Undergrad: 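Provided herewith is a single structure, encoded as C-alpha cells, for subsequent inquiry.
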Amino acid sequence: MPELPEIRTLAEQMDRELAGSRITAVEVDQEKCLNRSVDSVRRGLVGRTLGPFEAHGKWIRSPLAEGGALAINLGMGAEVRLPRCAEETPENYKFRMHTADGGGLFIRFWWFGHVHLLDGTGGEGPMDRLGIDALDPALDCGAFRALLAGRRGGIKSFLLNQKNIAGIGNFYAHDLLARSGIHPMRPIPSLEPGEIGCMYRTMRDLLEASVALGGADYERDLYGRPGGFSRRRFIVGYREGEPCGRCGETVVKIRTGSTPGFICPDCQPEDPPGG
DNA sequence: CAAGGTGTTGTCCA
DNA sequence: ATGGACAACACCTT
C-alpha cells in the first residue's frame, strides 16, 4: 500500500543511510522480484557504490557510481529495513544487501515488489514509462491542466495511471477527489477549470501533509517506526457509514472502475450542477 | 475455518 | 486512447 508519501519518506532515509556505501554482498531468496537472474543482479551490485536515492512516484532509484542503477518498487506493501532495525529473522527478508560500513538493506516482499538492476541506457524498465512525479516542482497548475487536456476517460482512473502522474494510489485518491468535490467517475472533459485548479491544490496539500508526517501510520519506515498520517484525517476515505468530514452526509462505498472507492454523495455529485 | 477483500503493476484483450 | 480482466499468492477481517 505504500504510495508517494511513504516512498518519499523511505527514499530520504535510504539516502541518509546508504548513499556512498559500497555493496559487499547480495542475497536473494525470491528471484521473481528481479528483472534478471540472481547471479546477474549480484554481479551487477557487489563491489559497486550506491549513489543518491531518489523517489519517483512509487519507485526508488539509486544510480551506481560505476554506472547503471538500482530501482526498487514495493508493490502492495513490502517492508524495507536497515539490518540493525530488522524485527524478524533475516530469512524472512527475501532481498538482503550488505554494505562495507556494516549497514545494508533488507526487503520483505508481501505480495510482490521489484528490485531491478538497470544498465542506465534508458528505455529498459517500468520507471521509464512513469509520468511526472505528483510533487515535482515542475508540475504546476498549468502543467497539470495540460496533462488533462484532450483526455477522455474518468478522472479517477487517470489519476491512478502511473503513466499520467506518478505517485497517487487508491489510498490518497479517495480524499483527493472528495475534498475537490469531484465524483470519481466524472469524465475528464466535464471538469470545469475551477475544479481542476482545486484538484491540483488538493493533491499537493494532501500529499505534502502526509510527507511532512512521515507517511501513513499503517506503514513503517526504514527504522521500523510508523508514519504520523492517520486515516482519521480523511473526510471520506475508509469511512463507510460515517458522516462526511465536511458536510455530515453518510459516506458510501462504491465501485470505481476496477478499484473500490469512498464518496460523499452530497459533496461529489455524479452530475455536477451546470454539467 | 474458509472465503473474500485489498494494495500495485504489466500485459493482454475488446 | 480507454478500461476491464487477470496474474503475482500475503495477510487481515468476516
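Predicted model, so just to flag it, every value in this text is computed and none were measured. Each chain gets a letter, A, B and so on, in the order the sequences are listed, and its residues count up from 1.
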Undergrad: With rounding to whole Å, what would you report as the distance between C/dT14 and B/dG7 at their P atoms?
TA: 15 Å
Undergrad: Is A/Y238 near enough to B/dG7 that one of its side-chain N or O atoms lies under 4.0 angstrom from OP1 or OP2?
TA: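 Answer yes for this pair, as a side-chain N or O of A/Y238 is under 4.0 Å from OP1 or OP2.
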Undergrad: Taking the same atom, P, in C/dC9 and in B/dC1, what whole-Å distance lies between them?
TA: 24 Å
Undergrad: Hydrogens and angles aside, do A/E6 and A/Y218 bring a side-chain donor and acceptor to less than 3.5 Å of each other?
TA: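 Per modelled atom types, A/E6 and A/Y218 side chains form no pair under 3.5 Å.
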Undergrad: Whether the side chain of A/R81 engages the backbone of A/F106 through a donor-acceptor N/O pair (distance < 3.5 Å, no angle test) should be reported.
TA: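 Not at all, since once roles are kept as given, no pair shorter than 3.5 Å links the two residues.
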Undergrad: Between A/N73 and B/dT9, does any side-chain N or O lie under 4.0 Å from OP1 or OP2?
TA: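 Checking A/N73 against B/dT9: at least one side-chain N or O falls below 4.0 Å of OP1 or OP2.
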Undergrad: Rounded to the nearest Å, what distance is computed from the CE atom of residue A/M185 to the P atom of nucleotide C/dG3?
TA: 8 Å
Undergrad: Are A/T99 and A/D101 close enough that a side-chain donor and a side-chain acceptor fall under 3.5 Å?
TA: yes
Undergrad: Rounded to the nearest angstrom, tell me the gap between atom OH in A/Y218 and atom P in C/dT13.
TA: 15 Å
Undergrad: Where the side chain of A/R255 is concerned, which of B/dT6, C/dT2, B/dT8 is the nearest nucleotide?
TA: B/dT6
Undergrad: Roughly, in whole Å, what's the span from CG in A/N170 to C1' in B/dT6?
TA: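 A/N170 atom CG is separated from B/dT6 atom C1' by 9 Å.
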Undergrad: Can you check the A/K253 NZ to B/dG5 P distance for me, whole Å?
TA: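 From A/K253 NZ to B/dG5 P: 8 Å.
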Undergrad: Look at A/K32 and C/dA8 and indicate whether a side-chain polar atom (N or O) is within less than 4.0 Å of OP1 or OP2.
TA: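 Checking C/dA8 against A/K32, no side-chain N or O comes under 4.0 Å of OP1 or OP2.
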Undergrad: Please confirm whether the backbone N or O of A/E54 pairs with a side-chain atom of A/D15, one donor and one acceptor, at under 3.5 Å?
TA: no
Undergrad: If you check the A/S157 side chain, which of C/dG3, C/dT2, B/dG5 turns out closest?
TA: C/dG3
Undergrad: When rounded to the nearest Å, what value does the distance between P atoms of B/dG5 and C/dA5 take?
TA: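 That atom pair is separated by 14 Å.
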Undergrad: In whole Å, I'd like the distance from the CG atom of A/D128 to the C1' atom of B/dG10.
TA: 14 Å
Undergrad: A/Y200 vs A/F144 aromatic rings, parallel, tilted or perpendicular, using cut-offs 30° and 60°?
TA: tilted
Undergrad: To the nearest Å, how far apart are A/K156 NZ and C/dG3 C1'?
TA: 14 Å
Undergrad: Taking atom CZ of A/R61 as the centre, report whether more than 12 heavy atoms of other residues, nucleotides or ligands fall under 6.0 Å from it.
TA: no
Undergrad: Looking at C/dT2, I'd like to know if its phosphate oxygens (OP1 or OP2) sit under 4.0 Å from a side-chain N or O belonging to A/R151.
TA: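 Yes, A/R151 has a side-chain N/O under 4.0 Å of OP1/OP2 on C/dT2.
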Undergrad: B/dG7 C1' sits how many Å from A/I168 CD1, rounded?
TA: 16 Å
Undergrad: Who is the Watson-Crick or G-U wobble partner of C/dC9, with both distances under 3.5 Å?
TA: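 For C/dC9, the partner nucleotide comes out as none, under the 3.5 Å rule.
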Undergrad: Which one, B/dT6, B/dT9, C/dG3, comes nearest to the side chain of A/Q162?
TA: B/dT9
Undergrad: Counting any heavy atom closer than 4.0 Å, what does A/G154 reach on the DNA or RNA strands: base, sugar-phosphate only, or nothing?
TA: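 Counting heavy atoms under 4.0 Å across all strands, the contact made by A/G154 is with sugar-phosphate only.
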Undergrad: With the side chain of A/P260 defined as its heavy atoms from C-beta on, choose the nearest nucleotide among C/dG3, B/dT6, B/dT11.
TA: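 Nearest to the side-chain atoms of A/P260, counting from C-beta on, is B/dT6.
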Undergrad: Output the single nucleotide from C/dG3, B/dT8, B/dG10 whose closest atom is nearest the side chain of A/E3.
TA: B/dT8
Undergrad: Can you figure out which of B/dT9, C/dC11, B/dT11 approaches the side chain of A/R108 most closely?
TA: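 The answer is C/dC11.
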Undergrad: Give the rounded distance in Å between these two atoms: CD of A/E6 and P of B/dT8.
TA: 10 Å
